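We're numbering straight along the sequence, starting at 1. If you're wondering where the values come from, they're calculated on a predicted model, not measured in any experiment.
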Amino acid sequence: MMKELIWFSLSASLSASVQSFHLSPFQQAVPPLSTHPLHSKASSRKGRRGFGLGHPTSKKVSYPPIHLDEVDDDIDSQIFPLQDDLEQQLNTHTTANHNNNNNINAGARVSEFLSNIPRVLSPPPLVSSTQEWRKLQRHAAQTIKSTHLRELLQDPVRCDAMFAEHDGVYFDYSRQQVTLETMDLLFDLAEKQELTKRIQAMVNGEKINFTEDRAVLHTALRASKDKIGTVFVDDEDAIKEVHDVLDQIKQFTEAFRSGHITGYTGKRMRNIVSVGIGGSYLGPEFLHEVLKTEEEGISSSLGYSLRFLANVDPVDVERTCADLDPEETLIIIVSKTFTTAETMLNARTMRQWLWDFMGDDIDVVKKHVVACSSVSATENVKAFGIDTDKYFFRFWDWVGGRYSVCGAAGAVPISLLYGFDLFEKFLEGARSMDEHFINAPMRQNIPILMGLLGVWNSSFMGYNSRALIPYAQALLRLPAHIQQLDMESNGKRISRHGIEIDYPVGEVDFGEPGTNSQHSFFQLIHQGQTIPVDFLGFVQSQHDILIDGEKLSSHDELMSNFFAQPDALANGKTADEVRAEGCAEDLILHKVFDGNRPSSSLLFPQLSAYVTGQILSLYEHRTAVQGFIWDLNSFDQWGVELGKKLAIDVKDHLTKARYDPKQQPVDIPDAPATSRILNYYVQNGREATENGIGVSVNPLTSVTRKTYREHIPPPIHDLGGNVGKLS
């Protein structure tokens, strides 16, 4: 925070000095500026002259010097350019004042001094103006862009150097468009940006999210109990707070799963619906999809179901509730403030659904609804009807939604379905990667390597998209979670110093599991624009299959693609190679692959709860590294606010239109296009109601559904485990 605030302190100090330059109506003499220089200690060596303007008299007014390097963050000479030429100019002017006093225009001298203040008070330069950044730009333009990956992959020394390992995770980046020199230059940039220092500031609880005055402590959510007493935020022991909540969740979920907690009618609850949006939904859902087919997850979840309600679209409610028995259903509402518009509308809808079946008794809510929310939202939670003494699981302002899956937002639904012990293994995996990120040297640090390569591809190679391809169907929701994590964090245009950036940041992240993705968008990746790819593979499958007559298992078939695709992207296929296959001459260009398309490969032992924690932590830290290098605040998200505000305005116009007896057209000032399409929507909605077209047309709707009673529950079964063949 000190570096961000130093400009205000300096401005105030100089303003006090400048006030002594006021001009009397009766006198044009100007009191002198302090003879003490504005300087850093490093530059106040012998023979170095400071700021000073002469005065006809020998009287001097002194002010205490300002030592810039007494603040926490070191500020180098580039930030305060007290160049020799500027000082020489000012001191030359001082001599002239003494020699030719009567010809001096005092107002002009004040004006000249003030014109130099912006040069002194200029904010820190953008990272793009540093020597380290410019070296990388030249290196990219003069060396890398004229070098093909096909050549780089022939260098065994280079290839052997471009991998890193930690706790069963193998990271290979030899197919990135980098040389050993490139990596050296990237490490120089990381040093310039004080990457290690910023990482420590984050994990130690400093308030690096300065726009919201918050710490950033998702790592505390999975810290071990022996770390209690090591991280404090506003005099609060963060890790103790975390473990108090985890202990509460463990006690609650074990009571639920054992049948000690029952519903309003006395029935045992077996269905769980988690209501939340954004990080409150994407993270827990991605973890749920992994554990559904994890060996321990299969057995521990038998007899229970978990669904997520995120979209405010009423169809999502329909799809979620249609075959559920409300008497056997527990609702979890996940909202930090308990005011998120979409989440709270869905929460009220689910409350009405419970009341429709069991009556409008407040005890229905107390028995069937729990909350995961911030302590500051306690009154909102209580007003909703939730028992805040037993069924309120808190989280904190120092964890953003997209980083919250390791907290109550993920712990409550996942532990209810799979048991707390399995969720704890997920936390252990994330903790393992956290410790690697914090302690490993940069050159062997997997999240740092991935982050630096992300900066390289986006800012220096000009690639504005990035694909995540997990060769595991159970990770089908991982790309969506990482998409939000990364794009909401680093989709920014202003640096942490308040300057509009002039370099590319933030990628468009997307992905699908392999091999499905190969038959979807890989045509573009191979022969269209260049999109760097992360390939995730696993030594063992969660459930492998080897059928009679096949020499390789289905997992080996899958992994053959995992190994082949990076080489195909890197090497491509030349016209001569196509011609040698006997291809018709007029088709050769269509079948040429340019190659030279970068990718990284991550290989894990087997997709388990523990490994899933490693993957999550790995990508969270990659995002932070890129933000630190780019000088962004990766932990706020002001870009989502404008749309929310406009939606509230539109809702007001829609409400008026729906209930206007005269049915006058919507007229939004200065928005004719929006007014036109809104009128089309409202008018056609009215006509549908009048003609009996459609069901549940606004404003009349119902959430009551009886269809669950018409369904026969499917028989409980086990997928057979990892036995190598179909059982």
Side-chain angles (χ1 to χ4, degrees), residues 162-167 169-173 176 178 183 186-187 189-190 193 195-196 198-199 202-203 208 216 218-219 222 279 282-283 286 400 402-403 405-406 429-430 432-440 442-461 463-470 475 478-492 504-511 531-536 598-604 611-635:
M162 292 190 174
F163 77 95
E165 291 182 85
H166 168 70
D167 193 14
V169 181
Y170 184 96
F171 175 59
D172 179 357
Y173 59 100
Q176 289 286 344
V178 293
M183 298 310 299
L186 285 169
F187 292 129
L189 179 63
Q193 291 298 93
L195 177 60
T196 302
R198 295 187 188 185
I199 291 169
M202 179 179 76
V203 301
I208 63 172
V216 177
H218 44 282
T219 51
R222 52 256 191 166
L282 290 168
F286 123 75
R402 56 191 177 276
Y403 295 93
V405 62
C406 292
S432 166
M433 190 58 69
D434 289 346
E435 291 171 353
H436 170 69
F437 176 57
I438 295 166
N439 299 316
M442 277 200 289
R443 292 174 183 270
Q444 288 83 47
N445 193 307
I446 300 175
I448 288 179
L449 289 168
M450 292 178 66
L452 292 177
L453 291 168
V455 170
W456 169 253
N457 284 327
S458 177
S459 296
F460 299 99
M461 299 303 291
Y463 305 143
N464 58 15
S465 299
R466 178 170 53 188
L468 174 58
I469 312 297
L475 284 172
L478 174 65
H481 177 56
I482 301 307
Q483 182 182 68
Q484 189 220 3
L485 169 69
D486 202 80
M487 294 174 70
E488 194 167 78
S489 295
N490 290 334
K492 307 290 171 62
V505 302
E507 302 91 339
V508 176
D509 285 278
F510 69 101
I531 299 175
V533 182
D534 279 359
F535 292 99
L536 277 64
S599 67
S600 297
S601 298
L602 281 156
L603 193 57
F604 302 87
V611 168
T612 306
Q614 289 180 309
I615 293 171
L616 175 79
S617 173
L618 181 64
Y619 278 94
E620 286 179 344
H621 297 323
R622 180 193 72 173
T623 295
V625 167
Q626 291 188 223
F628 290 146
I629 298 297
W630 281 327
D631 262 340
L632 305 177
N633 180 1
S634 299
F635 308 104

Check ring pair (Phe, Tyr, Trp, His ring centres under 6.0 Å) between [X] and all other residues, then give those that pass, not counting sequence neighbours.
{"X": "Tyr463", "answer": "none"}
{"X": "Phe460", "answer": "Trp133, Trp456"}
{"X": "Phe535", "answer": "none"}
{"X": "Phe187", "answer": "none"}

Those residues that, when tested against Ser634, pass side-chain hydrogen bond (donor to acceptor under 3.5 Å, both in side chains) (two or more places apart):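 Ser634: side-chain hydrogen bond (donor to acceptor under 3.5 Å, both in side chains) contacts with Asn490.
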If the condition is side-chain hydrogen bond (donor to acceptor under 3.5 Å, both in side chains), which residues does Trp630 pass it with, not counting sequence neighbours? Ser459
Can you list the residues that meet the salt bridge (charged side-chain N to carboxylate O under 4.0 Å, His left out) rule with [X], with sequence neighbours excluded?
{"X": "Asp534", "answer": "Arg622"}
{"X": "Arg402", "answer": "Glu488"}
{"X": "Asp172", "answer": "Arg175"}

Regarding [X] and [Y], do their side chains bring together a donor and an acceptor under 3.5 Å, going by distance alone?
{"X": "Gln176", "Y": "Ser599", "result": "no"}
{"X": "Ser601", "Y": "Tyr170", "result": "no"}
{"X": "Gln626", "Y": "Glu507", "result": "yes"}

Under 30°, 30 to 60°, or over 60°: which ring-plane class applies to Phe635 and His218, parallel, tilted or perpendicular?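 If you compare the ring of Phe635 with that of His218, the planes turn out tilted.
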Looking at [X] and [Y], what are the two nearest heavy atoms and their distance?
{"X": "Asp631", "Y": "Arg198", "value": "OD1-NH1, 2.8 Å"}
{"X": "Lys492", "Y": "Val505", "value": "O-CG2, 3.4 Å"}
{"X": "Pro447", "Y": "His436", "value": "CD-CD2, 3.7 Å"}

Could you give the distance from [atom1] ([X]) to [atom2] ([Y]), rounded to the nearest 0.5 Å?
{"X": "Tyr619", "Y": "Met433", "atom1": "OH", "atom2": "CE", "result": "10.5 Å"}
{"X": "Thr219", "Y": "His621", "atom1": "OG1", "atom2": "NE2", "result": "6.5 Å"}
{"X": "Leu449", "Y": "Ile446", "atom1": "CG", "atom2": "CD1", "result": "7.5 Å"}
{"X": "Leu602", "Y": "Tyr173", "atom1": "CG", "atom2": "OH", "result": "12.5 Å"}
{"X": "Leu186", "Y": "Leu453", "atom1": "CG", "atom2": "CG", "result": "7.0 Å"}
{"X": "Ile199", "Y": "Phe628", "atom1": "CD1", "atom2": "CZ", "result": "6.5 Å"}

Taking side-chain contact (heavy atoms from CB on, under 4.5 Å) as the definition, give me every residue that meets it alongside [X], ordered by chain and number, with sequence neighbours left out.
{"X": "Asp167", "answer": "Ser432, Tyr610, Gln614"}
{"X": "Ala480", "answer": "Leu282, Arg477"}
{"X": "Glu435", "answer": "Arg431, Asn439"}

Chi angles and distances behind the side chain to side chain contact (heavy atoms under 4.5 Å, CB included) call for Leu616, Phe286: CA-CA 10 Å; Leu616 175 79; Phe286 123 75; 4.0 Å; yes
Any heavy-atom pair between the side chains of Phe437 and Val625 that's under 4.5 Å?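 Side-chain contact under 4.5 Å: yes.
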Would you check if the side chain of Ser617 reaches a backbone N or O of Gly613 as a donor-acceptor pair within less than 3.5 Å?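 No.
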